[in-house]
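Both counts, for ligands and for their atoms, begin at 1 and track the order of listing. FYI, the numbering just counts along the sequence from 1.
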Amino acid sequence: MHDSVKAYLDRYSITPQTRSFLGAAPKLFVNGQFIEGAATGTLDVIEPSTGAKIAEVLMGAKSDVDAAVAAARRAFDEGPWPRMAPNARERILHKLADLMERDARHLAEIESLDTGKAIGPCLEADILSSADLLRYMAGWATKIEGATRDISSKGFFSYTRKAPVGVVGAITPWNFPLNTLLWKFAAAMAVGCTMVVKTSEITPMSAMIFARLTQEAGIPEGVFNVVTGAGREVGASLAGHPGIDKLTFTGSTATGRAVGHAAMDNFTTLTLELGGKSPMCVFPDADLDALAEGTRWSVYFNTGQNCSAGTRLYLHKDVYDAGVKVIVDRIGRMNVCEGLNPDCDMGPMVSAAQRNSVRRYIDMGRTDGEVLMGAEQPDGPGFFVNPTLIAMRDNKHPLVQEEIFGPVLVVLPFETEDEVIGLANDTRYGLAASVWTAQNARAVRVSERLNAGSVWINCHDILDSAMPFGGVKASGFGKDMGREQLDSVLKTKAVTMAL
Ligand SMILES: NC(=O)C1=CN([C@@H]2O[C@H](COP(=O)(O)OP(=O)(O)OC[C@H]3O[C@@H](n4cnc5c(N)ncnc54)[C@H](OP(=O)(O)O)[C@@H]3O)[C@@H](O)[C@H]2O)C=CC1
Ligand SMILES: CCCCCC/C=C/C(=O)O
């Protein structure tokens with residue numbers, strides 16, 4: 001391990017579990033075993049606050065995906081998991097949530113070291129919220145119901161029967177590695193599916209700890225499998241694998257399109273949770289302090305690496321200056337530093353490539369807009385980008401239309417309700433949006449007209465295990481979380497019996 005990372009770890013009292021995990025390279029998890037499989041080599045895992053290598057991960061091969069899918073298939077076709085009493089599955093999932101809570105600090109440390117996340121928010125938003133989702137979905141295990149349909153007048157008795165869809169393939173991103181894995185895992189497990197997950201090669205570590213916890217909780221072998229490796233190899237072979245029954249993906253719109261085509265070639269059912277460029281529409285009567293806090297939580301939290309971040313701010317002209325001021329005051333106080341620092345509000349970007357991409361957008365903003373905050377970038381080996389606010393005029397500009405995935409907020413003025421709805425909906429994306437006003441009637445009216453999967457009123461990015469999440473248009477389709485997700489991991493059979 002590089003001296004700078006050793007010194008970084010020594011500055012904070014990390015758990016012994018984290019130290020020992022970093023000493024041993026994570027392996028693939030297939031059929032209940034940690035194996036090297038057919039891995040062709042390793043990939044360095046880079047710690048973003050120092051820019052130095054912290055671990056290595058195995059580069060799995062296509063044959064590892066085949067082995068993992070075969071294990072998941074056996075576990076589904078012959079194993080106890082889909083066949084056990086639903087309340088037995090429920091108990092195991094609650095035990096797994098207990099274990100996540102027991103090891104929450106360790107999981108948060110690993111997630112922070114892998115992604116650069118600020119440890120405090122990471123503990124809450126990444127780890128504990130994932131355990132909460134597991135408990136929420138565990139409760140559904142005993143509540144999967146079909147229905148009877150009365151066609152007795154024709155001399156028949158009919159009912160529907162819900163059954164687990166089968167083997168679920170999941171491809172997860174690097175911005176919320178464990179959390180998005182749980183977004184896929186919890187519902188699938190509750191109803192009795194089995195699963196193969198391919199994690200992002202940038203952030204593979206928390207899934208490995210989670211795999212150990214699934215063993216400890218008593219999830220049978222083959223039910224949950226993890227194959228690390230490159231997207232273009234492991235990810236592509238999982239997406240197009242004829243042995244999976246459902247593919248669920250979170251990531252970029254471009255990759256989502258490719259995996260979607262691959263899945264459709266096999267008639268594999270599909271959930272795509274893709275990019276966003278979510279608008280915040282702020283009317284003159286809005287609570288601007290709440291708005292500033294909303295931008296902190298949504299745009300700058302997680303260094304802007306959040307698909308539903310409210311990164312397009314439309315401020316009514318009457319509160320334009322006041323809105324900008326309150327945001328600059330609030331966000332300017334954020335502590336941008338290394339993620340393990342307990343006082344960290346915002347850590348570095350996940351990778352040098354992501355930092356460079358964000359800097360290119362900021363450079364564009366310097367030329368084509370007016371920088372109101374940030375933009376100057378810290379030196380040093382870590383992948384830091386300061387919180388940035390840029391005034392723009394042209395709604396068609398790439399800074400206003402493209403997903404930057406960094407701590408960069410663009411602000412534009414508007415005058416009328418119709419105008420802001422037009423501006424907000426003028427995007428290829430449709431993941432989320434928010435309305436900020438003291439008038440309930442206006443809030444509801446505007447929320448009805450915003451074309452997005454989630455609309456928040458006087459808040460942004462308030463997520464809950466019970467609320468479905470997923471977009472429209474180039475933000476994808478299908479839902480994670482909420483009871484709405486269950487249908488995506490179930491198949492419905494219509495049964496009719498002659499009386
Ligand atoms: N909606 C969201 O939450 C996310 C959006 N993004 C957006 O995407 C941009 C680029 O990030 P990037 O890491 O490239 O995101 P990707 O969409 O490429 O990565 C998401 C997942 O897909 C995998 N993957 C990559 N290529 C393929 C493929 N051909 N077939 C199957 N799976 C594949 C990745 O693996 P691997 O990492 O190994 O390549 C990762 O596990 C970001 O700047 C951001 O705008 C990114 C992440 C999450
Ligand atoms: C406060 C936002 C939490 C988002 C958690 C998961 C994000 C998923 C995504 O970006 O796709």
Side-chain angles (χ1 to χ4, degrees), residues 43 45 57 59-60 62 65 115 117 121-122 124-127 129-130 133 169-184 197-204 207 226-241 247-263 271-278 294 296-311 349-351 353-358 360-361 402-406 408 429 431-432 453-454 456 459-465 467 469-471 474-476 480-481:
L43 187 80
V45 180
V57 63
M59 297 294 277
K62 184 179 175 311
V65 176
T115 59
K117 284 172 188 281
C122 175
E124 292 297 325
D126 291 78
I127 312 302
S129 77
S130 300
L133 177 58
I171 300 177
T172 54
W174 44 257
N175 57 336
F176 289 87
L178 188 63
N179 193 219
T180 50
L181 168 53
L182 268 292
W183 280 21
K184 317 298 184 190
V197 62
K198 181 259 179 276
T199 54
S200 168
E201 65 194 82
I202 306 172
T203 56
V226 185
V227 183
T228 52
R232 66 195 164 278
E233 182 168 3
V234 171
S237 60
L238 182 59
H241 205 293
L247 181 73
T248 172
F249 171 87
T250 297
S252 65
T253 294
T255 304
R257 188 191 296 272
V259 300
H261 282 300
T271 295
L272 294 176
E273 203 273 272
L274 309 177
K277 187 78 181 177
S278 302
R296 182 199 66 78
W297 174 243
S298 159
V299 182
Y300 299 106
F301 155 78
N302 211 45
T303 323
Q305 301 163 125
N306 168 11
C307 56
S308 51
T311 46
M349 312 281 327
V350 75
S351 66
Q354 195 63 25
R355 185 230 10 228
N356 296 343
S357 160
V358 172
R360 278 193 292 277
Y361 279 107
E402 292 175 14
E403 184 174 50
I404 299 174
F405 234 56
V408 181
Y429 295 114
L431 192 54
S454 297
W456 291 286
C459 57
H460 195 110
D461 260 325
I462 301 303
L463 271 52
D464 190 90
S465 303
M467 287 297 281
F469 183 90
S475 295
D480 285 332
M481 301 199 293

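Applying the 4.0 Å criterion to heavy atoms of Phe301 picks out, from ligand 2, the atoms 1 (C). Within ligand 2, the atoms closer than 4.0 Å to a non-hydrogen atom of Asn175 are 9 (C), 10 (O), numbered from 1 in the order shown. For ligand 2, the atoms sitting less than 4.0 Å from at least one non-hydrogen atom of Leu463 are 3 (C), 4 (C), numbered in the order shown with element in parentheses. The atoms of ligand 2 that sit less than 4.0 Å from any heavy atom of Thr250 are 11 (O).
The protein atom (non-hydrogen) at minimum distance from atom 46 (C) of ligand 1 is Phe405 CE2, 3.8 Å. With hydrogens left out, the protein atom closest to atom 36 (P) of ligand 1 is Glu201 OE1, 3.3 Å, a heavy atom. Atom 11 (O) of ligand 1 has its closest protein heavy atom at Trp174 NE1, 3.6 Å. Ranking protein heavy atoms by distance to atom 26 (N) of ligand 1, first place goes to Thr255 CG2, 3.5 Å. Annotation: atom 47 (C) of ligand 1 to nearest protein heavy atom, Pro173 CB, 3.6 Å. With hydrogens left out, the protein atom closest to atom 6 (C) of ligand 2 is Trp183 CZ2, 3.3 Å, a heavy atom. Atom 37 (O) of ligand 1 has its closest protein heavy atom at Ser200 OG, 2.8 Å. Remark: minimum distance from atom 7 (C) of ligand 2 to any protein heavy atom is reached at Phe176 CD1, 3.4 Å. Atom 23 (C) of ligand 1 has as its closest protein heavy atom Ile171 CG2, 3.7 Å. Nearest non-hydrogen protein atom to atom 2 (C) of ligand 2 is Asn306 ND2, 3.7 Å. Of the protein's heavy atoms, Glu403 OE1, 2.9 Å lies nearest to atom 45 (O) of ligand 1.
In Ala239, neither the side chain nor the backbone holds a heavy atom less than 4.0 Å from any atom of ligand 1. Contacts of Thr180 with ligand 1, taken as heavy-atom pairs under 4.0 Å, are absent altogether. By the criterion of a heavy-atom distance under 4.0 Å, the side chain of Glu273, and not its backbone, is placed next to ligand 2. The proximity of Gln354 to ligand 1, defined as any non-hydrogen pair under 4.0 Å, is limited to the side chain. Only side-chain heavy atoms of Phe249 come within less than 4.0 Å of ligand 1; its backbone N, CA, C and O stay farther off.
Distance CH2/Trp174 to CZ/Phe405: 5.0 Å, rounded to 0.5 Å.
No side-chain heavy atom of Glu273 sits less than 4.5 Å from a side-chain heavy atom of Pro173. Considering only heavy atoms from C-beta on, Lys62 stays 4.5 Å or farther from Val234 through its side chain. Gln305 has its side chain within reach of Gln354: a pair of non-hydrogen atoms, C-beta onward, lies under 4.5 Å apart. The shortest side-chain heavy-atom distance between Ser130 and Leu133 does not fall under the 4.5 Å cut-off. Counting heavy atoms from C-beta on, the side chains of Val350 and Thr303 never come closer than 4.5 Å. For the pair Ser454 and Phe469, the minimum side-chain heavy-atom distance is below 4.5 Å. Counting heavy atoms from C-beta outward, Cys307 and Leu274 have side chains that stay 4.5 Å or more apart.
In this model, no donor atom of one side chain and acceptor atom of the other lie less than 3.5 Å apart for Asn306 and Asn175.
Relative to the six-membered ring of Phe249, Lys198 misses at least one condition, a distance below 6.0 Å or an angle of at most 45° to the axis.
Taking a 4.0 Å cut-off on heavy atoms, Trp297 registers as neighbouring ligand 2.
Of the polar atoms of Asn179, none of the N or O atoms is found under 3.5 Å from an N or O of ligand 2, judged by distance alone. On a distance-only criterion, Lys198 and ligand 1 share at least one N/O pair closer than 3.5 Å. Checking only distances, Cys307 does come within under 3.5 Å of ligand 2, N or O to N or O. Residue contacts with ligand 1: Leu274 is placed with a nitrogen or oxygen under 3.5 Å of a nitrogen or oxygen of the ligand (distance criterion only). The shortest N/O to N/O separation between Gly231 and ligand 1 falls below 3.5 Å.
Judged by distance alone, with hydrogens and angles left aside, the side-chain atoms of Glu403 form no donor-acceptor pair with the main-chain N or O of Lys277 at under 3.5 Å.
Distance check on atom 14 (O) of ligand 1: every protein heavy atom falls at or beyond the 4.0 Å cut-off.
If you look at Trp183 and Phe176, their ring centroids are not closer than 6.0 Å.
Counting all heavy atoms, side chain and backbone alike, Glu201 lies closest to Arg232 at OE1-NH1, 4.5 Å.
Between Lys184 and the choices Thr271, Thr250, Thr172, the side chain to side chain donor-acceptor pair (under 3.5 Å) rule is met once, by Thr250.
Closest heavy-atom approach to atom 8 (O) of ligand 1 among the candidates Ala353, Gly229, Ser252: Ser252.
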